[in-house]
Amino acid sequence: MIPVTKDFIRIQELSQYEGKEVTLQGWVQNRRDSKGIVFLILRDGSGFLQCVALQEKIGDTAFEEAKRLSLESSIRLKGLVKKDEKQIGGFELEVNSLEIFENAEEYPIGKKEHGVDFLMDHRHLWLRSKRQWAIMRIRNTVIFAIHEFFQQNGFVEMDAPIFTGNACEGTSTLFETDFFEEPAYLSQSGQLYGEAMAMAMGKIYTFGPTFRAEKSKTRRHLSEFWMIEPEMAFYDLDMTMDVIEEFIRFVVQRVLDKNKFELEVLERDVTKLEVVTQKFPRISYHDAVAMIKGEKDVNGKNSILTLQDDLIQTQERILAIGKEIEERELAIKTPGMKKGQITFNEEKIRQLKVEVKDLEEAERNIPQWIASAQNFVYGNDFGGSDETVLTRLFETPIMVYNWPKAIKAFYMKEADDAPGFVRGVDVLAPEGYGEIVGGGQRETDIQILIDAIHHHELPMEAFEWYLDLRRFGSVPHSGFGLGLERIICWVCKLPHVREAIPFPRMMGRLLP
RNA sequence: UCCUCAGUAGCUCAGUUGGUUAGAGCAUCUGACUGUUAAUCAGAGGGUCCCUGGUUCAAGUCCAGGCUGGGGAGCCA
């Protein structure tokens, strides 16, 4: 292995070195060669850069080595920084010398597309690819922005324990572990501890991993995910909704400011994010149900009609694609067609087939969603499809508040002006992403809480400490929980939350 | 747990009504090309058709059971 040097720069600093000789270190993301010339795409974690190695410049030996570099080989380059508008980042390196840390073995992730399962098995390497790099950079911005927002607004970060003695809210299935021969569960929420800490600090937020053992296999579930849970003393639901709205706006704005290139890599339509500057509609559960069932239109849009329209468009698109595939397959067979054109058509056909698979899935799902929306029973919780149906009617995130008491956690405060409903709020992200935040105002009256614990058949002794919070200076207070991967998923428009976390943990996925 | 889709080369996939020796692109190797952007072009090597059993003269293809994975429902952030 070649010795280290302190004297090197990173690709993101390149603009300061135009016309100068620099040393760069990184990995070969791609290589193309022609007679006497090799193009290397170098990535060093901070960016991507095309490096040009000319035989006449670096000599025959180095040139032969450059030609033989395998993908993901680790190298050090010295060269001249030149401006080149055609390149990503606007620069190019004219290589003067090449040193090799390691010529990599054959890299398993190829330049063409791969299936999800293969990529997940190679997650440790997949993270190097441009798209995953962009997502992780945005994740970093989101995390930093979260801290920035709360720190600027007088919150103290204080974390809840991960081992807990009992199943807190009694609803979800938890992971059981052995804690010195005593059963312990991995935390599904830091909420109750958050309340205790808010009574000490006024405003706090927790930021940590959360665990759910539900056997969910959908694009919005992980067994282990990161959650941010602010809790605020002397805040009611309306004040909390103000905080949530300001908070989400801040985080998304930060990504728009700091991750232009990354969003471009992801081909994200940023106008869909820029709408966060608008006011988020606040809708009561009562009105939301009417919208889902199609009894109430929103800005001239009706949920059921929108879905039926979607179904027709989906079916039309499937037919159109089927026709196009046929035409292209026929075209390939036409004699005299050039090899390049054949390859182009074959690739196009492959892409179209992938699209058809997704469309066919939608074709199967939409009728179920229509039925589910039409038959929605007032008083039930929203299912995934109900959220999709509802959020499709809006451009911005929406806040649904005042939920039926029966479907929410025992500590939620009943609304004074709406008996039977609690002051809870769910924030639903647009473009079908659904719930990213859940929160609300907490019950302050000890007797109501005791009754609720009995009613939910929860073990009273486990909540004694929690009830103390109502014995010693109970105050109105509220909080919420934000799913980190869920908001990243929406911001990046990812097909699955598994891409929003470096090493996802889900059913059947413990490695890598 | 239920519904649904899939499993063929290292990867992504094609394989017609069951019919000769199972194909393509990428990747790998050899060669060509001084400006490529998933470069291109010529050639070569590469197979437990998920498993078990059944039907048949004949199974990648049909039938039954199982395994693994994707998506959805439930539950949730």
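Values below: every heavy atom of this structure, side chains too, minus hydrogens, waters and symmetry copies. Quick note on labels: first sequence line is chain A, next is B, and so on, each numbered from 1.
Rounded to an integer number of Å, the gap from CD of A/Glu85 to C1' of B/G35 is 16 Å. Here the P atom of nucleotide B/C76 and the OH atom of A/Tyr433 are 22 Å apart, to the nearest Å. For the pair A/Arg505 CZ and B/A77 C1', the computed distance is 19 Å after rounding to whole Å. With rounding to whole Å, A/Arg220 atom CZ is found 17 Å from B/G70 atom P. Between the CZ atom of A/Phe118 and the P atom of B/U8 there is a distance of 13 Å, rounded to whole Å. What separates NZ of A/Lys86 from C1' of B/U37 is a distance of 9 Å, to the nearest Å. Atom CZ of A/Phe225 is separated from atom C1' of B/A77 by 5 Å (rounded to the nearest Å). When the P atom of B/C33 is taken as reference, atom CZ of A/Arg31 falls 16 Å away, rounded to whole Å.
The nucleotide whose nearest atom lies closest to any side-chain atom of A/Arg212 is, among B/A77, B/G35, B/A73, B/A77. Considering only the side chain of A/Glu214, B/C75 comes nearest among B/U34, B/U36, B/C75. Which of B/U36, B/A73, B/C76 sits closest to the side chain of A/Arg486 comes down to B/C76. Comparing B/C33, B/C75, B/U37 by their closest approach to the side chain of A/Gln87 singles out B/U37. Between B/C33, B/U37, B/G72, one nucleotide has an atom nearer to the side chain of A/Ser34 than all others, and that is B/C33. Ranking B/U34, B/C75, B/U30 by closeness to the A/Arg68 side chain, first place goes to B/U30. Between B/U34, B/C33, B/G72, one nucleotide has an atom nearer to the side chain of A/Ile37 than all others, and that is B/U34. With distances taken from any side-chain atom of A/Met506 to the nucleotides B/A77, B/A73, B/G70, the minimum falls on B/G70. The listed nucleotides are B/C76, B/U34, B/G35; the one nearest the side chain of A/Asp84 is B/G35. Residue A/Trp369 places its side chain closer to B/G72 than to any other of B/C76, B/U34, B/G72.
To the nearest whole angstrom, the two P atoms, one in B/A42 and one in B/U52, are 40 Å apart. Nucleotides B/C13 and B/G18 have their C1' atoms positioned 22 Å apart, rounded to a whole Å. Rounded to a whole angstrom, the distance from the C1' atom of B/G60 to that of B/C50 is 12 Å. With P as the reference atom, B/C26 and B/C62 are 30 Å apart, rounded to whole Å. A distance of about 45 Å separates the C1' atoms of B/C49 and B/U34, rounded to the whole Å. A gap of 13 Å separates the C1' atoms of B/C11 and B/G46, to the nearest Å. Comparing the same atom, P, in B/U17 and in B/U12 gives a spacing of 26 Å after rounding to whole Å. Taking atom P in both B/G15 and B/G23, the straight-line distance is 15 Å, to the nearest Å.
In this structure B/A27 sits in no base pair that meets the Watson-Crick or G-U test at under 3.5 Å. Nucleotide B/G69 is matched to B/C5 when pairs are restricted to Watson-Crick or G-U wobble geometry with both distances under 3.5 angstrom. Across all strands shown, B/G46 has no partner, as no Watson-Crick or G-U wobble contact with both distances under 3.5 Å is found. Remark: B/U20 base-pairs with no nucleotide in the shown strands. Criterion, Watson-Crick or G-U wobble with two distances under 3.5 Å. Base pairing of B/G74: no nucleotide in any strand meets the Watson-Crick or G-U wobble criterion (both distances under 3.5 Å). Applying the Watson-Crick and G-U wobble criteria (two distances, each under 3.5 Å), B/A38 pairs with nothing in any strand.
Enclosure of atom CZ in A/Phe144 is not indicated, since only 12 or fewer non-hydrogen atoms of other residues, nucleotides or ligands lie within 6.0 angstrom.
The residue A/Glu485 sits apart from the nucleic acid: no heavy atom pair falls under 4.0 Å. Within 4.0 Å of A/His122, counting heavy atoms only, lies no atom of the nucleic acid at all. Within the nucleic acid shown, A/Ser372 has no heavy atom closer than 4.0 Å to any nucleic acid atom. At a threshold of 4.0 angstrom between heavy atoms, the contacts of A/Asn380 with the nucleic acid are absent. Among the heavy atoms of the strands lying under 4.0 Å from A/Leu222 is at least one base atom, whether or not backbone atoms are also near. A/Asp381 comes within contact range of the sugar-phosphate backbone alone, with a heavy-atom separation under 4.0 Å but no base atom that close. The residue A/Glu92 sits close to a base: some heavy atom pair falls under 4.0 Å. Within 4.0 Å (heavy atoms only), A/Val497 reaches no atom of the nucleic acid at all. As judged by a 4.0 angstrom heavy-atom cut-off over every strand, A/Gln55 is placed among residues making no nucleic acid contact. Backbone-only engagement by A/Arg498 is indicated by non-hydrogen atom pairs under 4.0 Å involving sugar-phosphate atoms exclusively.
A heavy-atom distance below 4.5 Å is found between the side chains of A/Glu231 and A/Gln191. Contact check for A/Arg509 versus A/Met120: side-chain heavy atoms found under the 4.5 Å cut-off.
Between A/Glu499 and A/Arg131 a salt bridge is recorded (basic side-chain N to carboxylate O distance below 4.0 Å). Between A/Glu435 and A/Arg486 there is no salt bridge, since no side-chain N of the basic residue sits under 4.0 Å from a carboxylate O of the acidic one. Comment: A/Lys82 does not engage A/Glu92 in a salt bridge, judged by the lack of any side-chain N to carboxylate O separation of less than 4.0 angstrom. Of the charged side-chain nitrogens involved, none lies within less than 4.0 Å of a carboxylate oxygen, so that A/Arg268 and A/Glu262 do not count as a salt-bridged pair.
In terms of heavy atoms, A/Ala373 sits closest to A/Ile304 at CB-CD1, 3.9 Å.
Contacts with RNA chain B (heavy atom under 4.0 Å) in residues 240-252 of chain A: none are found.
Defined by atom type and a distance below 3.5 Å, a donor-acceptor pair is missing between the side-chain atoms of A/Asn402 and A/Ser284.
Contact of A/Glu105 with B/U28 (side chain to base): no donor-acceptor pair of N or O atoms is detected under 3.5 Å. Evaluation of atom-type donor-acceptor distances gives no pair under 3.5 Å for the side chain of A/Arg32 against the base of B/C33. The base of B/C11 lies outside donor-acceptor range of the side chain of A/His114, with no N or O pair under 3.5 Å.
Nearer to the 5' terminus of RNA chain B, by closest-nucleotide assignment, is the contact made by A/Ile41 (compared with the other of A/Ile41 and A/Pro495). Nearer the 5' end of RNA chain B, as judged by each residue's closest nucleotide, is the contact made by A/Pro108, out of A/Glu435 and A/Pro108.
In this structure, the ring of A/Phe207 has its center no less than 6.0 angstrom from the ring center of A/Phe150.
Between A/Phe247 and A/Phe149, the ring planes lie tilted relative to each other; the angle falls in the 30° to 60° range. Taking the six-membered ring where tryptophan is involved, the planes of A/His122 and A/His124 are essentially parallel, since the angle between them stays under 30° and well short of 60°.
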